[in-house]
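Throughout, protein chains are lettered first and strands after them, A, B, ... in sequence-line order, and every chain is numbered starting at 1. Atom set for the values below is all heavy atoms of this structure, side chains included, hydrogens, waters and symmetry mates excluded.
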Number of protein chains: 2
Amino acid sequence: MPKQTFFNLPDDKRQTLILAAEKEFSRVPLFEASISNIVKTAGIPRGSFYQYFEDKEDAYLFLLNQQAKARQGNFIALLSKNDGNLFDAITEMYRLILLEIPTQENLEFLKNAFLNMTHKIENIFTKIFSVNESSEKLREISSMINKENLNISDEDDLTHVIQIIMSVTFHNLVEKFAKELTYEQAMSNFKIEMNLLKNGLCKQGI
Amino acid sequence: MPKQTFFNLPDDKRQTLILAAEKEFSRVPLFEASISNIVKTAGIPRGSFYQYFEDKEDAYLFLLNQQAKARQGNFIALLSKNDGNLFDAITEMYRLILLEIPTQENLEFLKNAFLNMTHKIENIFTKIFSVNESSEKLREISSMINKENLNISDEDDLTHVIQIIMSVTFHNLVEKFAKELTYEQAMSNFKIEMNLLKNGLCKQGI
DNA sequence: CTCTGAAGTGACATGATGTCATTTCCCTAT
DNA sequence: ATAGGGAAATGACATCATGTCACTTCAGAG
């Protein structure tokens, strides 16, 4: 959280600072962004930055939260518009994000927010499991998968199935470590989600 | 990729360096790790490090790839053992990772690999959508979701359903930006995966 | 008009990165 | 055995970023 000083700032000065930060975080991923650049762009002394924010990430998180708030009402509105249908609402949300981010230069940092996590590491998870599309291994693995029971119509679907399972597995790992879950909790969550995946998130015939 | 020089190194020296790097990356997340610490621990001059690696990330990726290779055979073996059943294999893989990481101190960096991505940012995606468990908003959103058609037995399942959808959505966003997919490609992939989620990844009755 | 606490300021100590001129090592050819 | 040459090793250095702090300025209350 930015310090109170930041919120006490006159609107225009605060806005200048926000724009400068957005610009810097849009230029490069978080870890490369430099406070020096932000203060230079904003035309404020270095010390002032630390008067307002704890550090670089503090500013970054503030920007993300700003965006979050902007989208909060958005998603709720979408749910409402789609009669509570989670899939329709999230699909529309996804569409809006895809459409919005490329058009606003200062939102580039949101795109970086997603890429940051992978950065040059590309997809760590993919690396750890050695499953990436250009790899021989993926083909080997794909060929070994028993497709009889999978609900897929072609090879392309299989790739998507793998992607889905990997996303969910990855998410579970992050949760496990971030929340310091016990082994039992982590396994239990994982199994629940795998079962949901197998059986489908919607009742049949819908 | 590390430079050839690194692979030309005598085994013991290379191993010392690997251990030093693992130690440093296990100590702190990637962006805080310092090359100075690695060379100090390994007892090699600073310049040598750059003789072997491009930079910090190069070393980091090398370590991850090493782990990847160690697990590659692993996963294939698991698939084979489980008659190609993807769910069983991945569940066993997951279990093994959970069991293995906490016991080996020098594998702590793998744990960091997952946490890195989220770092202090926790779950950026969660922030952007303002859906986190402690938030009022999640309750509000949950209450608005039409649960009639969802294949869930209780409120707890609903949380898992949301987690799954978020993981997959997040993954799609990362893919979109990392691979610079067009809007159409990104939407198409997303819809395919959402449909798979709705209908289930396995044929009924399995 | 003065006093006081909050905010602003920028020089500075510290420490990290990547480079490069120089030295050392080791293999090969004579 | 030794001279030559290319690869590898070395560590001092230029550069740059961070966070701090002593000092200054400001603005509002009395």
Side-chain angles (χ1 to χ4, degrees), chain A residues 1-64 109 112 116 119-121, chain B residues 1-64 109 112 116 119-121:
Chain A
M1 274 284 287
K3 300 175 182 172
Q4 188 52 46
T5 346
F6 177 70
F7 297 106
N8 294 343
L9 243 32
D11 281 356
D12 56 339
K13 188 169 181 183
R14 193 171 55 245
Q15 206 50 36
T16 306
L17 187 46
I18 288 177
L19 285 176
E22 283 183 348
K23 186 176 170 197
E24 178 65 1
F25 291 129
S26 292
R27 186 181 67 84
V28 285
L30 175 59
F31 85 110
E32 276 187 66
S34 112
I35 292 173
S36 304
N37 275 337
I38 296 175
V39 298
K40 205 191 305 169
T41 305
I44 62 168
R46 177 168 198 76
S48 292
F49 182 91
Y50 289 95
Q51 206 77 268
Y52 308 140
F53 300 106
E54 292 295 334
D55 53 23
K56 198 163 61 169
E57 279 135 30
D58 193 28
Y60 188 66
L61 282 183
F62 169 74
L63 294 183
L64 283 182
F109 81 92
N112 280 344
N116 268 345
H119 178 229
K120 277 189 191 169
I121 295 166
Chain B
M1 274 281 288
K3 301 175 182 171
Q4 189 52 46
T5 343
F6 176 70
F7 298 107
N8 294 344
L9 242 34
D11 281 357
D12 56 338
K13 189 168 179 184
R14 192 171 55 245
Q15 206 49 36
T16 306
L17 187 46
I18 288 176
L19 285 175
E22 283 182 349
K23 187 177 169 195
E24 177 65 2
F25 292 129
S26 292
R27 187 181 66 85
V28 285
L30 176 60
F31 84 109
E32 275 187 66
S34 112
I35 292 173
S36 303
N37 274 338
I38 296 176
V39 299
K40 207 190 304 168
T41 305
I44 62 169
R46 179 169 196 75
S48 292
F49 183 91
Y50 289 95
Q51 205 76 270
Y52 309 140
F53 301 106
E54 290 296 334
D55 53 23
K56 198 164 60 171
E57 280 135 29
D58 193 28
Y60 188 66
L61 282 184
F62 169 74
L63 294 184
L64 283 182
F109 81 93
N112 280 343
N116 267 347
H119 178 227
K120 276 191 191 167
I121 294 164

Does a donor on one side chain and an acceptor on the other come within less than 3.5 Å for B:D11 and B:Q15?
no
Within this structure, what is the CD-to-C1' distance between A:E57 and D:dT18, rounded to whole angstrom?
12 Å
Just to confirm, is there a sub-4.0 Å distance from OP1 or OP2 of D:dA7 to any side-chain nitrogen or oxygen of B:N8?
no
Do B:I38 and B:T41 have side chains that get closer than 4.5 Å, going by heavy atoms?
no
Nearest-angstrom distance from the residue atom OH of A:Y50 to C1' of C:dA11
14 Å
Check the phosphate of D:dA12 against B:R46, side-chain N and O only, distance under 4.0 Å to OP1 or OP2. Yes or no?
no
What is the distance, to the nearest angstrom, from the CZ atom on A:F31 to the P atom on C:dT17?
12 Å
Look at the side chain of B:Q51 against the base of D:dA8 and say whether a donor-acceptor pair falls under 3.5 Å; ignore hydrogens and angles.
no
Categorize B:S34 for me: base, sugar-phosphate, or nothing, with a 4.0 angstrom heavy-atom threshold over every strand shown.
sugar-phosphate
note: B:I35, atom CD1; D:dT15, atom P; distance rounded to Å ~ 19 Å
Using the rule ring-ring contact (aromatic ring centres under 6.0 Å, His included), only one of B:Y60, B:F7, B:F6 pairs with B:F53; which is it?
B:F6
Answer with base, sugar-phosphate or nothing: what part of the nucleic acid does B:K13 contact at a heavy-atom distance below 4.0 Å?
sugar-phosphate
Any side-chain N or O of B:S36 below 4.0 angstrom from OP1/OP2 of C:dG15?
no
For a quick check of understanding: with a heavy-atom distance under 4.0 Å over all strands, which category does B:Y52 fall into, base, sugar-phosphate or nothing?
sugar-phosphate
Whole-Å distance between D:dT10 P and B:K40 NZ?
18 Å
Hey, does the side chain of B:K56 reach the backbone of B:E32 with a donor-acceptor pair shorter than 3.5 angstrom?
no
Using a heavy-atom cut-off of 4.0 Å across all strands, would you classify A:S48 as base, sugar-phosphate, or nothing?
base
Take the protein atom CD of A:E32 and the nucleotide atom P of C:dA16, then report the distance between them rounded to whole Å.
19 Å
Distance-only, no hydrogens or angles: does the B:E24 side chain make a donor-acceptor pair with backbone N or O of B:S34 under 3.5 Å?
yes
From CG of B:L17 across to P of D:dA8 the rounded distance in Å is 15 Å
Please give, in whole Å, the distance from D:dG11 P to B:F49 CZ?
17 Å
Applying a 4.0 Å non-hydrogen cut-off, can you work out what B:I38 is touching in the nucleic acid: base, sugar-phosphate, or nothing?
nothing
